Amino acid sequence: MNVIINGEPRDLAPRSTVADVVRSLTAAREGIAVAVNDEVVPKATWSATFVTEDDRVDVLTAVQGG
C-alpha cells in the first residue's frame, strides 16, 4: 500500500496502524504528534487507527534546546 510519510512516498503493509508507522520511525515514546491527512490523531487511538492507501501521515517529534 502506498502512502506519504513526512513528505516521502513509502510502501506499508496492509492494515498498518498509526502506531506501526510511529514505531518504524522512532524509538521515542513521548513528545510525538501524528496527523493523518491533516487531522491530528490522538495518541490513545494510534493502535486502532489504520493507515489506508494514499494517506498522508505526518509524524512530528519535539526537540529540546534553543
Side-chain angles (χ1 to χ4, degrees):
M1 153 176 81
N2 296 311
V3 299
I4 303 293
I5 299 176
N6 290 347
E8 299 290 328
R10 297 266 309 258
D11 185 37
L12 290 182
R15 298 194 51 81
S16 292
T17 65
V18 168
D20 295 329
V21 172
V22 171
R23 279 192 297 270
S24 75
L25 296 176
T26 181
R29 297 289 178 241
E30 301 295 327
I32 302 168
V34 179
V36 176
N37 300 324
D38 299 323
E39 295 287 330
V40 173
V41 179
K43 187 174 184 177
T45 65
W46 289 359
S47 293
T49 303
F50 292 95
V51 179
T52 60
E53 182 81 21
D54 297 327
D55 275 350
R56 288 176 292 108
V57 181
D58 293 304
V59 178
L60 307 170
T61 56
V63 176
Q64 293 182 337

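Since the structure is predicted, the reported quantities are computational estimates derived from the model, not experimental observations.
- Applying the salt bridge (Lys or Arg N to Asp or Glu O under 4.0 Å) test to Glu39 and every residue at least two apart in sequence or in another chain returns nothing.
- Taking both residues in full, the closest heavy atoms of Ile32 and Thr26 are given as CD1-CG2, 3.8 Å, listed atom of the first, atom of the second, then distance.
- In this structure the side chain of Asp11 reaches within 4.5 angstrom of the side chain of Asn2, judged on heavy atoms.
- Minimum interatomic distance between Trp46 and Val41 (heavy atoms only, all atoms of both residues): NE1-O, 3.0 Å.
- The shortest distance between side-chain heavy atoms of Asn6 and Leu25 falls below 4.5 Å.
- Once rounded to the nearest 0.5 Å, the distance linking NZ of Lys43 with CD of Glu30 reads 4.0 Å.
- Here the closest heavy-atom approach between residue Arg15 and residue Met1 is recorded as N-CE, 4.5 Å.
- A side-chain donor-acceptor contact under 3.5 Å links Thr17 to the backbone of Asp20.
- Of all heavy-atom pairs spanning Arg10 and Ser24, the tightest one is NH2-OG, 3.7 Å.
- Contact of the Val18 side chain with the Val57 side chain is not registered, since no non-hydrogen atoms from C-beta on lie closer than 4.5 Å.
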Determine, step by step, whether Glu8 and Ile5 satisfy the side-chain contact (heavy atoms from CB on, under 4.5 Å) criterion, reporting the C-alpha distance in whole Å, the side-chain angles of both residues, the deciding distance to 0.1 Å, and the verdict.
-> CA-CA 5 Å; Glu8 299 290 328; Ile5 299 176; 5.9 Å; no
